[in-house]
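Quick notes on the structure that follows.
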Protein chains: 2
Amino acid sequence: MAASAQADLAQNLEPPADGARREILNAAANCFMERGYSAASIDEVARRLGSTKGRIYHHYASKADLFADVFKTGMDMNYQTVLPVYECQSDPAVKLCRMAHVHTRQMIKTKPFQRAVWEGVEMHLRGSTTPEQRETLGELTDYRDRYSDLFKSMLDLCKQDGALAFDNLSIANQVMFVALNSPLFWYSPRPGEDQTDIDKIVGQVVTFALRGLGYQGDISS
Amino acid sequence: MAASAQADLAQNLEPPADGARREILNAAANCFMERGYSAASIDEVARRLGSTKGRIYHHYASKADLFADVFKTGMDMNYQTVLPVYECQSDPAVKLCRMAHVHTRQMIKTKPFQRAVWEGVEMHLRGSTTPEQRETLGELTDYRDRYSDLFKSMLDLCKQDGALAFDNLSIANQVMFVALNSPLFWYSPRPGEDQTDIDKIVGQVVTFALRGLGYQGDISS
DNA sequence: TTGACAACATACCCGGTAGTATGTTCATCT
DNA sequence: AGATGAACATACTACCGGGTATGTTGTCAA
C-alpha cells in the first residue's frame, strides 16, 4: 500500500515524457551531470541537441522545471526497478540484498539522471531557491525520501530478526545509500565493457554495503 | 617518505593563511558549502564578512584561486590529522581503524572545507574549466589522491595479512572513502551536541566502513 | 484551400556576477 | 612631517545566461 501510494505520486504530474521530451531529457541529464545544475546552461543543452533554446522553452517553462523533470524521471526509473522486488514476498534479508543489487545497477545504468537526483536533494537541503521552486523540489525530495523508506523498512525488519546488526537506523540507512550510490562518483564506462563487468562492480559495492550493515550471510544477486 | 613528500607539497605554495585570510577562507568555505562553487558569489562571501569585494580581490586573484585555497586548506587539515597516525608504527588494521576515525571526525568538524574538497574533485573530473584553472585543480586533486593513497596502502597491507577481505583494491578504497565521507551529506550539527555525540556518529560510520571491507575484529578509537 | 495550431528558430532584453580601476584611510618607516 | 604602501571601499565595465517576444515552417482538420 505504501508502494501503490508512491506509484500514484509518480504519475500525477505531467504526462510521461513523449518522444520529443525524452530526447531533451537525455541531453539535459548529461549536461547537468557534466557541469552541475547552476553551471549548466540551457544553450548548452540545446547545442547538444543540435537545436536552440526555443525548442526547450517550448516544452519547459524554466530551467528549474527541466531539472525537476530529469529528477522525477530518474526516480521513476528507480521505483520501476525496485518496487517489483520490494513487493514480492520473501525473506527480508534476501529482499534487501536484491533491492540493493538492482538499485546499484540502476545507478550505473542511468547515471546522468541519478546524478541529477543527488544534486536535487542537495539543492533542497541547502534551501537556496525561490519559494515556488522550493515547493517543487520539496515534493521531489519527498518522493525520493519515500523511496529511501523502502530500504529503511527492510533494514528495520532485518535488524529485528537478527540478520543485520547496527546501532542507529537512520544513520545506517544513510551510510548504506551513500555506499550504494558511490558509483555515481567514481564509475565511468570502460570501452569494451559488458554486463558481466558491471555486475562484478555492483557485486562488490553491494557486498561492502551489506557487510557494513552487519550482514553475515552470502550475497547473491 | 611518501608522507614527507606530501607534507612538502602541502607547504610549497602561498604562505599559510594569516589572520586576515583565515577569516576570508572560513566565509568562503561556508558559502561554497551552502551554494556550491558556481552558484556562490564573491559578493555573498563579502557580505558574510560584513565587507565588500575589494577585500577579497585584494588577497585573491580570482574566484577560482579563492576556491583553490579553501580546497588546499581543507586537505592540509586532513594531512595534519591523519599523518601522525599513519606514521606511527603499529598493526596495519589498528592503524587503518584509527585513521578512519580521525578522518571521519575531521569530515564533521571541518565540513565546509571538506565539501569544497569534494566539489573540487568533482569539478576536476568533469573537466569544465579553463586550462590554467585546470592545472591548479589538477595539482590539488593530486594532493588529495596521495592522501587517498595513504589509506589505499593500508588496505593493501591489511588484505595481505588477512585482516580485510575484498575483491578490487581501488573499488574498495573508493567505496570506503565515500562511506567515511558520508557525514558531509547528511550530518548537520544539533543544538546541544557535544564531543561524545559526534564520536558515537563517527563510531557508527567507521564500523560500517570497516565491516564493509571485511574486517571482523572489534573497532575501537 | 485555408485557418489554426504545434514545434520549433531568431532576435532581443535584462539582471546578476566576475573582474577592474580608482579612491580613501591608516600605520609604519625615514 | 612627509612619503609610501598595505588594506580595504566605491564605482564601474563586460559578459554571460535565463527568460521572452516574435517570426517561420510543416501538418492536419474542416
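Each chain gets a letter, A, B and so on, in the order the sequences are listed, and its residues count up from 1.
- Atom OH in B/Y60 sits about 15 Å away from atom C1' in D/dC8, given to the nearest Å.
- Atom C1' of nucleotide C/dC13 and atom CG of A/D43 are separated by 14 Å, given to the nearest angstrom.
- One atom, CD of B/E44, and another, P of C/dT17, lie 8 Å apart when rounded to the nearest Å.
- Both A/Y37 and A/G54 lie near DNA chain D, and the one whose nearest nucleotide falls closer to the 5' end is A/Y37.
- Listed pair B/H59 / D/dC8 meets the phosphate criterion, a side-chain N or O lying under 4.0 Å from OP1 or OP2.
- The B/S51 side chain lies nearest to D/dA9 when the options are C/dC8, D/dG18, D/dA9.
- Scanning atom types as modelled, one donor and one acceptor separated by under 3.5 angstrom connect the side chain of B/K53 and the base of C/dA18.
- The environment of B/E193 atom CD is dense: over 12 non-hydrogen atoms of other residues, nucleotides or ligands sit within 6.0 angstrom.
- Rounded to an integer number of Å, the gap from CD1 of B/I42 to C1' of C/dT20 is 14 Å.
- Protein atom CZ of A/R47 is 14 Å distant from nucleotide atom P of C/dA9, rounded to whole Å.
- The distance from atom CZ of B/F67 to atom C1' of C/dA18 is 16 Å, rounded to the nearest whole Å.
- In this structure, A/R115 pairs ionically with B/E122, as a charged nitrogen and a carboxylate oxygen lie closer than 4.0 Å.
- Atom NE2 of A/H58 is separated from atom P of C/dA9 by 11 Å (rounded to the nearest Å).
- Remark: side-chain polar atoms of B/Q204 are not paired, donor with acceptor, to backbone N or O of A/F166 under 3.5 angstrom.
- Backbone-only contact: A/A40 has heavy atoms under 4.0 Å from sugar-phosphate atoms and none from a base.
- Taking the side chain of A/R55 as heavy atoms from C-beta on, and the options D/dG17, C/dC8, C/dA18, the nearest nucleotide is C/dC8.
- Look at CG on A/L66: it is 15 Å from C1' on D/dG17, rounded to the nearest Å.
- Candidate nucleotides D/dC8, D/dG17, C/dG19 were compared by shortest atom distance to the side chain of A/S41, and D/dG17 ranks first.
- Contact check, A/T52 against C/dA9: a side-chain N or O comes under 4.0 Å of OP1 or OP2.
- Under the 4.0 Å criterion applied to side-chain N and carboxylate O atoms, B/E34 and B/R48 are assigned as salt-bridge partners.
- At a cut-off of 3.5 angstrom, counting only N and O atoms as typed in the model, there is no donor on one side facing an acceptor on the other between the side-chain of B/K63 and the base of C/dG19.
- The existence of a salt bridge linking B/R105 and B/D199 is confirmed by a sub-4.0 Å separation between a basic side-chain nitrogen and an acidic carboxylate oxygen.
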